Amino acid sequence: MSEVWSAHDLELDRSVALKLLAADADRVRFEREAQAAAGLSHPHICRLFDFGEADGRPYIVLELLPGGSLDDRLRDGHPLPDDETARIATELASALAYAHSHGVLHRDVKPTNILFDSEGHVKIADFGIARVLDAPTLTEAGTLLGTAPYISPEQSRGQSVTPATDVYAFGVVLYQMLTGRPPFDGQSALDVAAMHATREPPPIESIRSEAPQHLASLAVAALAKRPEDRPPDGSALLTALVEPQTSHRVVAEPATQVIPARRVRRIGTRELAAAGALLALAVAGAAVAMLAIPEASQAPVTGVKPQAPTGTRITTAGATTLAPSTTARASTRARTSTAASPPPAAPTTARTATQTPTTAPATTLPTTDETTTAPTTETTPTTTTTPTTTTEPTPTTTTETTPAGDY
């Protein structure tokens, strides 16, 4: 695409890099590179000083970086020292985070484009195939752009790119710094590109077992085949490197987050056993209550307002224990059913009053005509207590102990 020369700026008296477009290169793409680089000002991105044309040939004037490239440091096939790897990865992630936040995708992150200044700091360069997100694309559908050993699966298929595309290339570079070799190697560029799209890279620990775990984990996460399974952009990479204790969250969380479903009712084995025991106690209480009623009939009290049998309270307590949250509902329902029950017809003869103890022994009345109308208020509690004992606990237990609707 171009030639790059070391040059000297006569007006400002400084050394610069001069990039000249090749005669048969894409002029529009060259201008796009200049625009992309000119819009970025970051300590770890190569600075652009000027853009113009001389003798019909476009040029770009860039910052001269005398420290060589990352490719020079990896050429011997050995991994870099761990502290140097961590520093280079952090500075590279910082540059990508800044570019992504300004809508620029590099699309060709590789060791030859990672340069160093005179102090050894990273400077990412060569935005020749960069993509500006809000600008129309210059790439035809199905066109393969990138460098095969560092190309993402979506690039190898000619698909659209996102910041996660640069994240993948970052993962390849980090993998190579940790192991001394890229994850895939083949006979041709197309073979390597196909491997990126279809194969999993060899585990880093199988090549170098002493590699730092948080760096190896980040490289694996960045090399996920699907873009949505990778850290979403340079900012996520930088967070994982600056705060290693949070790197597991960056690895585990995709670009999209899952909203937890509504909580459902969970009943464990212990809860079921406890509920069964309480139900047994309730049934036993109901049985005791039923046995207690005939005993009361042996000692009827005449002229005293009858009290509700104690068995009713035992049964209600059992039902309430099974459904603590429905105590108020159970008691309210009992009162409602009592109020709704029509009062029994008043006895009209002494013979009717004499038969009353067979159903409610506690309400024996004098066998005189004068008491035929008075016992009306005395027999009402007895009549309403009996159905409460026999019918109310069962619906309370079956309907109020299912809290699924409350969640």
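These numbers come from a predicted model, not from an experiment.
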Within the structure provided, determine whether Ser6 and Leu64 are in side-chain contact (heavy-atom separation under 4.5 Å). yes
Self-check item: Any side-chain heavy-atom pair of Ile45 and Lys123 under 4.5 Å
Solution: no
Leu21 and Ser2 have their tightest heavy-atom pair at CA-CB, 4.2 Å
Rounded to the nearest 0.5 angstrom, the CG-CG distance for Leu241 and Leu237 is 7.0 Å
- Query: Is any side-chain heavy atom of Ser69 less than 4.5 Å from a side-chain heavy atom of Asp72?
  - Reply: yes
Residues Thr162 and Pro227: closest non-hydrogen pair is OG1-CB, 4.5 Å
When every non-hydrogen atom of Tyr59 is compared with those of Phe51, the smallest separation belongs to O-CD1, 3.2 Å
request  = Look at the side chain of Tyr98 and the backbone N and O of Ser41, then say whether any donor-acceptor pair between them is shorter than 3.5 Å.
outcome  = yes
| So, Ser94 side chain and Thr90 main chain: donor-acceptor pair closer than 3.5 Å or not? | no
Give a yes or no on this: more than 12 heavy atoms of other residues, nucleotides or ligands lie within 6.0 Å of atom CD of Glu210. yes
Open item on the list: A side-chain contact here means heavy atoms from C-beta on lying under 4.5 Å apart; do Leu96 and Ile124 qualify?
Closed with: yes
Between Arg230 and Pro153 the two heavy atoms that sit nearest each other are NH2-CD, 3.6 Å
State whether Phe116 and Arg73 meet the cation-pi test: NZ (Lys) or CZ (Arg) under 6.0 Å from the six-membered ring centroid, and within 45° of the perpendicular axis. yes
Non-hydrogen side-chain atoms of Pro201 and Val220 separated by less than 4.5 Å: no
(Q) One pair to check against side-chain contact (heavy atoms from CB on, under 4.5 Å): Asp229 and Lys225. What are the steps and the verdict? (A) CA-CA 7 Å; Asp229 293 335; Lys225 297 302 179 188; over 6 Å; no
Once you measure the plane-to-plane angle for His196 and Tyr168, does it fall in the parallel (<30°), tilted (30-60°) or perpendicular (>60°) bin? perpendicular
Arg181 meets the salt bridge (charged side-chain N to carboxylate O under 4.0 Å, His left out) criterion, sequence neighbours left out, with none
- Donor-acceptor contact below 3.5 Å, side chain Asp166 vs main chain Ala169: no
*Check whether any side-chain heavy atom of Asn113 sits under 4.5 Å from a side-chain heavy atom of Asp108, and report yes or no.*
yes
Candidate pair Tyr175 and Ile204, rule side-chain contact (heavy atoms from CB on, under 4.5 Å), full reasoning: CA-CA 7 Å; Tyr175 186 105; Ile204 293 176; 3.5 Å; yes
Value for CZ (Arg47) from CG (Leu65), rounded to nearest 0.5 Å, stands at 9.0 Å
Between Gln176 and Pro111 the two heavy atoms that sit nearest each other are OE1-CG, 3.9 Å
Distance col, row Glu3:CD vs Leu18:CG, nearest 0.5 angstrom, shows 9.5 Å
### Message
Apply side chain to side chain donor-acceptor pair (under 3.5 Å) to residues Thr165 and Glu154 and explain how you reach the verdict.
### Response
CA-CA 8 Å; Thr165 302; Glu154 58 268 25; 2.9 Å; yes
Q.
Tell me whether His8 contacts the main-chain N or O of Leu10 through its side chain, where contact means a donor paired with an acceptor under 3.5 Å.
A. no
Here the gap from Glu63 atom CD to Leu115 atom CG, rounded to the nearest 0.5 Å, amounts to 9.5 Å
_Would the distance check show the side chain of Asp55 and the main-chain N or O of Arg57 forming a donor-acceptor pair, the cut-off being under 3.5 Å?_
no
TODO: For the pair Gln155 (side chain) and Arg107 (backbone), establish whether a donor and an acceptor sit closer than 3.5 Å, ignoring hydrogens and angles.
DONE: yes
Run the salt bridge (Lys or Arg N to Asp or Glu O under 4.0 Å) check on Arg208 and Asp82 step by step: do they pass? CA-CA 12 Å; Arg208 181 172 171 243; Asp82 292 336; 2.8 Å; yes
Leu70 vs Leu80, test: side-chain contact (heavy atoms from CB on, under 4.5 Å). Steps then yes/no.
CA-CA 10 Å; Leu70 180 59; Leu80 297 182; 3.9 Å; yes
Using only atom types and a distance under 3.5 Å, with no angle test, would you say the side chain of Lys19 pairs donor to acceptor with the backbone of Trp5? no
To the nearest 0.5 Å, atom NE2 of His42 lies from atom CD of Glu91 at 9.5 Å
OG of Ser152 to CG of Leu223, rounded to nearest 0.5 Å, is 11.0 Å
Q.
Are Pro58 and Arg27 packed together at the side-chain level, in the sense that at least one heavy-atom pair is separated by less than 4.5 angstrom?
A. yes
Test: Arg87 and Asp83 ion pair at under 4.0 Å: no
Closest heavy-atom pair, Pro163 versus Pro232, reported as atoms and distance to 0.1 Å, is CB-O, 3.6 Å
* **From CA spacing to verdict: side-chain contact (heavy atoms from CB on, under 4.5 Å), Met177, Leu215** => CA-CA 10 Å; Met177 289 193 291; Leu215 294 178; over 6 Å; no
field: Side-chain heavy atoms of Phe184 within contact of Ile151, under 4.5 Å
entry: no
Thr85 (side chain) donor-acceptor with Pro81 (main chain) under 3.5 angstrom
yes
